[in-house]
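Sequence lines set the chain letters: A, B, ... in the order given, protein chains first and strands last, and positions in each chain run from 1.
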Amino acid sequence: MEISNRLTYWYLRNKRDLPWRKSQDPYQIWLSEIILQQTQIKQGLPYFNKFIEAYPSVFDLANAPLEEVLKLWQGLGYYSRARNLHETAKFVANESDGVFPEDYKGLVKLKGVGDYTASAIASFCYGEPVAVVDGNVYRVLSRIFGVETPINSTPGIKEFKNLAREILNKEDPATHNQAIMEFGAMHCKPKTPECDSCVFNDKCVALKENKIKELPVKIKKAKVKKRYFNYLILNSEDRIILERRSGKGIWNGLFQFPLVETEEPIKEEHLMKTEKFQKIIDGQKYTVELFNDKPVVHKLSHQHLYTKFWILDCKELPHEGVGLDEVLNYPVPVLIENFLNEYLPDDYK
DNA sequence: AAGGCGGGGTG
DNA sequence: CACCCAGCCTT
């Protein structure tokens with residue numbers, strides 16, 4: 001109880017004023033938690049406001065087309081969150097009268113809702129005494145207790161969940177959970193924690209043993225892969241070809257131009273010999289021009305995409321295509337959006 | 001148990 | 001440059 005009291009004491013004086021903290025509506029809490037998965041509040045906040053404005057209720061979200069939801073989500077990343085969000089909204093609206101499950105057990109069955117998110121909703125909305133463990137909680141607990149078990153190992157996940165349970169204030173789990181996360185985000189920060197003014201600086205094991213910089217321990221993951229993208233912008237009378245990505249890779253459900261991916265950087269002569277290029281150009285006349293002399297490097301967490309945009313001016317498109325005036329209505333990766341903002345004439349924006 | 005999935009921000 | 005972020009899903 002001692003730890004929870006200190007966290008709450010700190011929290012009540014330092015907490016940020018955030019829109020979802022004014023609400024106990026499971027729809028709003030759920031929406032905020034999905035948006036904030038692996039996402040900092042500063043980045044997620046404008047998206048939360050956009051979504052609440054566009055979809056005030058779970059029925060509004062459920063009735064929207066997936067493409068519209070993806071377009072609103074554009075730029076936030078991890079797009080499976082948006083697809084799961086939409087699917088869960090349809091489930092709650094159509095199969096459950098718009099009522100969310102009212103405990104952890106029911107919540108965790110929803111698509112896109114795991115242990116963390118179910119615990120957050122259950123404690124914030126219903127006061128269920130379940131402990132949240134997110135990146136902030138790992139950091140705070142590992143430092144206060146000096147736990148060196150890797151946070152992304154199976155034993156680590158169990159150990160930290162148990163620790164979080166032990167210190168949980170079961171009288172007010174909502175405030176406790178908010179407090180420990182906010183404390184981790186704003187005070188017990190990864191790089192520059194403010195130990196001098198910390199409410200735990202009399203007992204923090206990491207501080208005492210000078211291990212602040214080493215904790216929490218995390219197992220390193222594989223390094224980034226390089227990929228070489230060549231996008232073909234087939235332009236005929238201000239209409240171009242867009243294709244929808246599908247499958248298990250990046251950007252599933254988003255739109256892009258016809259893509260030639262190669263193992264190595266590629267020159268124009270080689271590009272023209274590729275199967276995809278021949279298929280898309282289909283024997284007709286065209287002129288080709290490289291839009292960007294140096295490849296655009298787009299960095300994801302685990303891939304670096306070296307990208308060239310080739311402008312192909314041709315007589316007709318292989319199919320109807322999309323007018324330049326409506327391209328920006330499609331959900332696209334930031335890489336494509338950035339290109340379009342350079343390529344499109346101003347009157348199309 | 002391990003790998004994949006975005007984009008923005010920090011030191 | 002490395003590391004982090006109110007994690008989850010699939011294999």
Name the nucleic acid region contacted by A:Leu76, choosing base, sugar-phosphate or nothing; use a 4.0 angstrom heavy-atom cut-off, strictly under. base
Spacing of A:Lys191 atom NZ relative to B:dG8 atom P, expressed in whole Å: 20 Å
DNA chain C: A:Ala185 or A:Lys299, which has the more 5' nearest nucleotide? A:Lys299
Answer yes when A:Glu243 and A:Lys276 have at least one side-chain N-carboxylate O distance shorter than 4.0 Å, and no when they do not. yes
Which part of the nucleic acid, if any, lies within reach of A:Arg139 when heavy atoms closer than 4.0 Å are counted: base, sugar-phosphate only, or nothing? sugar-phosphate
Verify the distance criterion only: is there a donor paired with an acceptor across the side chains of A:Thr307 and A:Arg227 at less than 3.5 Å? no
A:Thr117 and A:Gln37 side chains, donor-acceptor separation under 3.5 Å: yes
Between the side chains of A:Glu316 and A:Gln284, does any donor sit under 3.5 Å from an acceptor? no
Donor-acceptor pair present, A:Gln40 side chain and B:dG9 base, under 3.5 Å: no
Identify whether any heavy atom of A:Ser80 sits under 4.0 Å from a base atom; if not, whether one sits that close to sugar-phosphate; answer base, sugar-phosphate or nothing. nothing
Is it true that A:Ser57 and A:Asp60 share a donor-acceptor pair across their side chains at a distance under 3.5 Å? yes
Under 4.0 Å between any heavy atoms, over every strand shown, what does A:Val113 touch: base, sugar-phosphate, or nothing? Just pick one. sugar-phosphate
With a non-hydrogen cut-off below 4.0 angstrom, is A:Asp115 in contact with a base, only sugar-phosphate, or nothing? sugar-phosphate
May I ask you to evaluate whether A:Trp73 reaches the phosphate of B:dG6, defined as a side-chain N or O under 4.0 Å from OP1 or OP2? no
Going by an N to O cut-off under 4.0 Å, is there a salt bridge joining A:Lys308 and A:Asp293? no
Under 4.0 Å between a side-chain nitrogen and a carboxylate oxygen: does that hold for A:Glu269 and A:Lys273? no
Would you call A:Arg239 and A:Asp325 a salt bridge, using N to O less than 4.0 angstrom? no
Counting the atoms with a prime plus P, OP1 and OP2 as sugar-phosphate, which does A:Lys218 contact under 4.0 Å by heavy atoms, base, sugar-phosphate, or nothing? sugar-phosphate
Are more than 12 heavy atoms from other residues, nucleotides or ligands located less than 6.0 Å from atom OH of A:Tyr9? no
Using a heavy-atom cut-off of under 4.0 Å over every strand shown, decide if A:Lys111 touches base, sugar-phosphate, or nothing. sugar-phosphate
Extract, from 5' to 3' on DNA chain C, the first and final nucleotides lying under 4.0 angstrom from some heavy atom of chain A. C:dC3 to C:dT11
Can you name the atoms? Protein N/O to nucleotides 1-4 of chain B N/O, anything below 3.5 Å, with the distance.
from, atom 1, to, atom 2, distance (Å)
B:dA1, OP2, A:Thr154, OG1, 2.0

Could you pick out which residue, A:Arg21 or A:Asn84, lies toward the 5' side of DNA chain C when each is mapped onto its nearest nucleotide? A:Arg21
Atom-pair distance (NZ on A:Lys189; P on B:dG11), nearest Å: 8 Å
